[in-house]
Amino acid sequence: MILKAKERGGGAQLARYLLSMRDNDHVELHEVRGFVGDDLLSAFREVDAIANGTRCENYLFSASLNPPGGETVTTSDFENAADEVERKLGLEGQPRAIVFHEKDGRRHAHVVWSRIEAEQMRAINLPHYKMRLRDVSRELFRAHGWEMPKGLRDWRERDPLGYTREEWQQARRVGLDPKQLKSLFQECWNRSDTGTAFAQALKERGFMLARGDRRGFVAVDYRGEVYAVARQAGVKTKEVAARLGDPEAFPSVDEARTYIAARMSERIKGFIRQAELEAGQGRKALDAERSELAARHQQERQALKDTHEKRWIAETKARAARLPRGFSGIWHRLTGKYSKIKQRNEREAWAAHVRDRAERDGLIASQLDERRTLQDRIRQQRERQQADLLLLREDVARYQTMALPEREAQRPEPETQRDKLKEQRSRDRTRDRGFER
């Protein structure tokens, strides 16, 4: 189970994000423990109010628990993982909340703890929490028998195509997969040994090298989107500077955008609009199917929840009926039979709770399998669209190159050059008139 976490504030904003259905098929508030309020927003506002009595700004510790794709992980597995995290970090007994998210056929959990000890009015220190979470993650992979990612076994083998949330959002804006985008830059970097070759490789794929605001190097695409070369290529900034040389030799971002915009013809823009329209139509059809599937799954879960509640009420009444009342109850208490019946009822109540949870986990597992089947189709269509968009970018670069000589020929001469020609022609006419005389 991959564990990612950070200290943060902004409890109200975090609560709204965790409960948002955007990009998620299902959102479930599973647990709110140790707070006065029983809903997420009021619970986090409560921590916010307590933290105002301290100097702590990042009063929450938020962690995401991500199991491997395709693995069946029960609710108890997530709870045990959260218990292990708080034991390792010294957060035992602290108020916490657990929210489940389901997206693209995968289920993961967000666990948020309060760092504030209310009695002492101080924040719990969490030194080296990333290293401790890495140790917990390894233990969970071993305990469940899951294949451990290379980057978790050895940080030097981490995925070179990994991306941040900002990179994911940028790739989403331009209609590309973030991993494919990074792969494209890394391929251009690895196949070129000079700055000129790297610039040409990027140019063939619709990107133009430019200098960034901080004297670094960036690439600009036909949309005007800016990409950090070092980050996308997965190399150090010093390596980029050594290969590309002086940033001042490259145009600024604004100059690159102006240059690209001047060479974008209406024909090329029409190609782009057509490709994006076709991709959008395909996405809409599958998005509608995904929404319909999510609604049906939600109805099934609600029906199971109603069944569980009715059965729980009936079983609770049956267990309560076993307990004798009146003088019989007093006699049973004296003989110890009342305690035995009560213990039996408690065992049966716990067994019923475990049974209901197992039935719900089973339903969720079957629904995730169904959702993964749909996600495979979505992924296949997305890969086709990605390939089309990448080819389109190469076409854009090729058409721009073809259009350049024609535009250069049609471009009017600069004002100073025309003035020089006028002066030269005037001198020539004067000289000719002198010869005629």
Side-chain angles (χ1 to χ4, degrees), residues 1 18-19 26-43 46 65 67 71-87 91-102 107-114 140 143-144 295-370:
M1 192 174 291
L18 291 178
L19 297 178
H26 302 281
V27 173
E28 176 193 353
L29 177 58
H30 174 67
E31 176 185 275
V32 178
R33 182 198 73 185
F35 301 95
V36 175
D38 57 359
D39 66 275
L40 200 63
L41 187 57
S42 62
E46 175 187 329
L65 284 56
E71 298 290 346
T72 300
V73 184
T74 66
T75 303
S76 296
D77 292 334
F78 281 107
E79 290 177 338
N80 293 336
D83 292 341
E84 184 62 21
V85 169
E86 67 180 38
R87 185 192 67 78
L91 291 170
E92 294 169 292
Q94 286 299 109
R96 84 176 183 192
I98 300 178
V99 180
F100 287 116
H101 284 181
E102 291 179 37
R107 190 184 194 207
H108 65 275
H110 293 270
V111 188
V112 184
W113 289 268
S114 167
L140 290 172
H144 289 280
R296 178 165 61 80
H297 285 175
Q298 188 60 41
Q299 291 175 357
E300 292 174 355
R301 296 185 188 190
Q302 186 60 45
L304 182 63
K305 181 180 179 181
D306 295 340
T307 300
H308 284 171
E309 289 179 352
K310 292 178 181 178
R311 186 170 61 186
W312 179 265
I313 292 172
E315 292 175 346
T316 300
K317 289 181 178 179
R319 288 191 292 267
R322 296 174 187 162
L323 296 172
R325 294 176 175 81
F327 289 107
S328 177
I330 295 174
W331 174 252
H332 278 74
R333 287 177 184 273
L334 293 174
T335 60
K337 291 183 178 180
Y338 188 93
S339 177
K340 292 181 180 179
I341 296 173
K342 185 178 179 182
Q343 290 176 3
R344 176 189 171 189
N345 285 352
E346 290 174 351
R347 288 194 300 271
E348 291 184 359
W350 176 251
H353 169 73
V354 172
R355 176 202 62 203
D356 292 349
R357 174 175 282 194
E359 289 180 359
R360 177 173 174 78
D361 285 340
L363 175 64
I364 291 175
S366 64
Q367 290 180 346
L368 286 174
D369 287 339
E370 189 176 4

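If you're wondering where the values come from, they're calculated on a predicted model, not measured in any experiment.
Contact of the R344 side chain with the R322 side chain is registered, since non-hydrogen atoms from C-beta on lie closer than 4.5 Å. You'll find the side chain of V85 stays beyond 4.5 Å of the side chain of V111, heavy atoms only. Contact of the R357 side chain with the S76 side chain is registered, since non-hydrogen atoms from C-beta on lie closer than 4.5 Å. With contacts defined as side-chain heavy-atom distances shorter than 4.5 Å, the pair H30/F78 does not qualify. Side-chain contact between F100 and H26 is absent, with no heavy-atom pair separated by less than 4.5 Å. The closest side-chain heavy-atom distance from L40 to L19 is below 4.5 Å. Proximity of V112 to R96: side-chain heavy atoms (C-beta onward) are nowhere separated by under 4.5 Å. At least one side-chain heavy atom of D77 sits under 4.5 Å from a side-chain heavy atom of T74.
A salt bridge links E359 and R311; the closest N-O separation between the charged side-chain nitrogens and carboxylate oxygens is under 4.0 Å. Ion pairing of K305 with E28 is absent here, as no side-chain N (NZ or NE/NH1/NH2) approaches a carboxylate O to less than 4.0 Å.
Sorted by first then second residue, the ring pair (Phe, Tyr, Trp, His ring centres under 6.0 Å) pairs that include residues 299-320, not counting sequence neighbours, number zero.
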* Asked: What's the verdict on side-chain contact (heavy atoms from CB on, under 4.5 Å) for E46 and S42, showing C-alpha distance, side-chain angles and the deciding distance?
  -> CA-CA 6 Å; E46 175 187 329; S42 62; over 6 Å; no
* Report the C-alpha separation of E348 and R355 in whole Å, then their side-chain angles, then the decisive distance to 0.1 Å, and conclude whether the salt bridge (Lys or Arg N to Asp or Glu O under 4.0 Å) test is met. => CA-CA 10 Å; E348 291 184 359; R355 176 202 62 203; over 6 Å; no
* Might you work through the side-chain contact (heavy atoms from CB on, under 4.5 Å) test for E300 and L363, ending with a clear yes or no? => CA-CA 8 Å; E300 292 174 355; L363 175 64; 4.1 Å; yes
* To do: Quick one: do L29 and V99 satisfy side-chain contact (heavy atoms from CB on, under 4.5 Å)? Show the steps, please.
  => CA-CA 5 Å; L29 177 58; V99 180; 3.8 Å; yes
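Here the shortest heavy-atom pairing between V32 and G37 reads CG1-O, 3.7 Å. Nearest heavy atoms, E315 versus A352: OE1-CB, 3.7 Å. Shown here for F35 and A97, the closest heavy-atom pair between the two residues is CE1-N, 4.3 Å. Residue L91 comes nearest to S114 through the heavy atom pair CD2-O, 4.4 Å, listed as atom of the first residue, atom of the second, then distance.
A side-chain contact (heavy atoms from CB on, under 4.5 Å) with Q367 is found for one member of R107, R301, R296, Q298 and no other, namely R301. L304 pairs with exactly one of E309, Q299, R360 by the side-chain contact (heavy atoms from CB on, under 4.5 Å) rule, that one being R360.
Below 30°, between 30° and 60°, or above 60°: for H101 and H108 the angle between ring planes is above 60°, a perpendicular geometry.
Separation of atoms CG (N345) and CZ (R319) is listed at 6.5 Å; rounding is to 0.5 Å. One finds the CG atom of D356 at 11.0 Å from the CG atom of D361 (value rounded to the nearest 0.5 Å). Note that NE2 of H297 and CD1 of I364 are 11.0 Å apart. Values are rounded to the nearest 0.5 Å. Atom CD of E79 sits about 11.5 Å away from atom CG of L65, to the nearest 0.5 Å. Expressed to the nearest 0.5 Å, how far CD of E102 lies from CG of L368 amounts to 5.0 Å.
If you check the side chains of N80 and E84, you find no donor sitting under 3.5 Å from an acceptor.
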